[in-house]
J.: 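Have a look at this one.
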Amino acid sequence: MGQIVSLSFLLGVLALSSIFGVYADSPYKYLDWNITYGIRSPLGVRQRVILINGKFPGPTFDCDTNDNIFLTIHNNLREPFLMTWNGVWQRKASWQDGVLGTNCPIPAGSSWTYRMQTKDQIGTYMYFPSTGMQRADGGFGAFNIHRRPQHVPLPYPVPAGEFTLIVGDWFHTGPQFKNGVADMLKFKMDNGYGMPMPDGLLINGKPSGTTFTGRARKTYLLRVSNVGILASINIRIQGHSMELVEVEGSHVLQEVYDSLDVHPGQSMSVLVTLNGGVEDYYIVTSTRFMKKTRKATAILRYKGSNIRPSGPLPVGPTYQVHWSMKQARTFRWNLTANAARPNPQGTYRYGGIQITKTIILGNSANKRRYGVNNISYVNPTTPLKLADHYHIPGVFDLKTSRDKPTPGPMVLGTAVYDLALHDFVEIVFQNDEDTTQSWHLDGHNFFVVAFGANQWSPRMRRKYNMVDAVWRSTVQVYQKSWTVVLVSLDNKGMWNLRSAIWHRQYLGQQVYFRVWNDEPSLRTENNIPSNVLKCGKAAK
Ligand SMILES: *[C@@H]1O[C@H](CO)[C@@H](O)[C@H](O)[C@H]1NC(C)=O
Ligand SMILES: *[C@@H]1O[C@H](CO)[C@@H](O)[C@H](O)[C@H]1NC(C)=O
Ligand SMILES: *[C@@H]1O[C@H](CO)[C@@H](O)[C@H](O)[C@H]1NC(C)=O
């Protein structure tokens, strides 16, 4: 009996592995997510939002390293939809990345199954809709990848519990927009109106009142993601400090902070020990670098507490840019800690690797569009990945992209960088504007080796942290400043590098990296999925 069961299980697994390139020893998870409209009033104003299985924000997705996930999206909106998995690499499978350069959007009224594996990942991530401005309506949530129990020890004592905090800015609509905020913002962006400031902040869908209950003297892991579209956010807890342990899949040196900045698209986890009196405490988030500060609060409740929280709220930084840059430099890789696998992070010595290419990316902005090196990205109707796979001409041209800032008028274009698998690339983000930016790379983590003020120059290379820089997928670039990252392009495919500030991404501040070698092999890239959606010139 046991033999029959295991044999059929094995055959099933083998059949699946050959189709999807998945790994036989890892569990399978099947999920159905029903995407619908709903009415909610997060800030006291009724508005149309996007729900997942009736929830706003969407459900917290918990899985383990290497799980094989079959997640079916049922798009019950009246418009096309795509979900992307921010920070989840989709190893060898940019087919599943869920952005318009890799996937056709799921048409209204139809379903599509993502078949993905959380290969070699552990940490705190998030998901959100990638099409148009939809994420301003919701449809986002937490994506937590836990270590494989019994396989890999954590570099800190196992916490008594976990709390997931989805923080972010929030907008509501004026009475003239019956549809969601996404439609309003899209209208404004398409017609050259400026981006409005957020109306407020939310923590797990509410501006106040979300309650996390724990026991006195115990330590909890707080997973925090900024899923907002515009605002950098500071987080702090009344009477408690936070010990940073993980940033987008890297275990970091466990430093203690009174407050932490989390920029759009970023995630981190902290340990909080409930070492106060048995009562309730405020968790506070507030916007950074804005004239008018917006706030949201939640409650950290000690089990058995009957003392409601009271002010004053702990004070956080507002404008201080230098403060934030200084804090960012303290985030460092713990070289002796393991990550998803039981070998120390420090065995990967990035400091000794030869840089094969330097790309300097300058922000560009005019009244109507945003861009990179004066190219404003336009999405072709055929996903780049499909055009590449089927050799469809006329969708993108590898000569369009620019490796450095280039004077001239901003032009529309589909910038795709021609890069080789295993290239080791230095990316300089130069920000000459007076607002703080945030950049995210799909499919990879990069080493954040330096932040600096004013103009980057090759002389700055002496200042790079070549030993224990944090390895993450989203990084801020302060106003009138630069940030440098180093990335080993070890994931073959078509990968989006984008502004995490969503209206900038929408209006052209993004590019793609084509990470390639000419050797067709399942060792480097999975086959095109059998259920691939086809659109544009790939529809034929
Ligand atoms: C999704 O939700 C809608 C509205 O509640 C419902 O009519 C529909 O049957 C659901 N679809 C699926 C696939 O669950
Ligand atoms: C680094 O990780 C190790 C586990 O390998 C842990 O014991 C140590 O406390 C960590 N160091 C710091 C400073 O966080
Ligand atoms: C874009 O062009 C303008 C006008 O020539 C120039 O001043 C600016 O430096 C360019 N920016 C980038 C990032 O290429």
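For ligands, and for the atoms within them, numbers begin at 1 and follow the listed sequence. Predicted, not measured: the structure shown is a model, and the values here were computed from it.
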J.: Is there a polar contact, in the sense of an N or O pair closer than 3.5 Å, between Asn338 and ligand 2?
T.: no

J.: Is NZ or CZ of Arg135 both nearer than 6.0 Å to the six-membered ring centre of Phe140 and within 45° of the ring axis?
T.: no

J.: Return the closest protein heavy atom for atom 4 (C) of ligand 1 as residue, atom name and distance.
T.: Thr36 CG2, 4.2 Å

J.: Parallel, tilted or perpendicular: which one describes the rings of Tyr377 and Tyr512, with boundaries at 30° and 60°?
T.: tilted

J.: Under 6.0 Å between ring centres: does that hold for Trp333 and Phe447?
T.: yes

J.: Evaluate the ring planes of Trp33 and Tyr127, with Trp represented by its six-membered ring, and classify them as parallel (under 30°), tilted (30 to 60°) or perpendicular (over 60°).
T.: tilted

J.: Counting non-hydrogen protein atoms only, what is the nearest one to atom 14 (O) of ligand 3? Give residue, atom name and distance.
T.: Thr406 N, 2.8 Å

J.: Should you measure from each heavy atom of Gly362, which atoms of ligand 3 turn up under 4.0 Å away?
T.: 13 (C)

J.: Would you say atom 7 (O) of ligand 3 has a protein heavy atom nearer than 4.0 Å?
T.: no

J.: For Ala337, counting its heavy atoms only, list the atoms of ligand 2 lying under 4.0 Å from any of them.
T.: 2 (O), 5 (O)

J.: Check each heavy atom of Thr336 against ligand 2 and say whether those closer than 4.0 Å belong to the side chain, the backbone, both or neither.
T.: both

J.: Do me a favour and list the nearest non-hydrogen protein atom to atom 5 (O) of ligand 3 with residue, atom name and distance?
T.: Gly408 N, 2.8 Å

J.: In ligand 3, which numbered atoms sit nearer than 4.0 Å to a non-hydrogen atom of Pro407?
T.: 2 (O), 5 (O)

J.: For atom 1 (C) of ligand 2, grab the closest protein heavy atom and report residue, atom and distance to one decimal in Å.
T.: Asn334 ND2, 1.5 Å

J.: If you measure from each non-hydrogen atom of Asn76 to ligand 1, which part falls under 4.0 Å: side chain, backbone, both or neither?
T.: side chain

J.: Give the single entry among Thr72, Ile73, Asp32, Asn34 that approaches atom 12 (C) of ligand 1 most closely by any heavy atom.
T.: Asn34

J.: Tyr478 vs Phe451 aromatic rings, parallel, tilted or perpendicular, using cut-offs 30° and 60°?
T.: tilted

J.: Specify whether His503 and Tyr370 have parallel, tilted or perpendicular ring planes, treating 30° as the upper limit for parallel and 60° as the lower limit for perpendicular.
T.: perpendicular

J.: Would you mind listing which atoms of ligand 3 come within a distance below 4.0 Å of any non-hydrogen atom of Ser364?
T.: 12 (C), 13 (C)

J.: Students often mix this up, so state it plainly: with edges at 30° and 60°, are the rings of Phe289 and His263 parallel, tilted or perpendicular?
T.: parallel

J.: Considering only protein heavy atoms, which is closest to atom 3 (C) of ligand 3, and at what distance to one decimal place?
T.: Asn374 ND2, 3.7 Å

J.: Compute the ring centroids of Trp439 and Phe429, then answer whether they are less than 6.0 Å apart.
T.: yes

J.: Rounded at 0.5 Å granularity, tell me how far CZ in Arg461 sits from OG1 in Thr358.
T.: 4.5 Å

J.: Can you name the atoms of ligand 3, numbered from 1 with element, that are less than 4.0 Å from a heavy atom of Asn363?
T.: 13 (C)

J.: For Tyr114 and Trp112, take the angle between the two ring planes, folded into 0 to 90°, and tell me which bin it lands in: parallel under 30, tilted 30 to 60, perpendicular over 60.
T.: perpendicular

J.: Which of the numbered atoms in ligand 1 are under 4.0 angstrom from any heavy atom belonging to His74?
T.: 13 (C)

J.: Per the salt bridge (charged side-chain N to carboxylate O under 4.0 Å, His left out) rule, which among Asp67, Asp64, Asp62 passes with Lys29?
T.: Asp67

J.: Hey, which atoms in ligand 2 end up nearer than 4.0 Å to a heavy atom of Gln254?
T.: 12 (C), 13 (C), 14 (O)

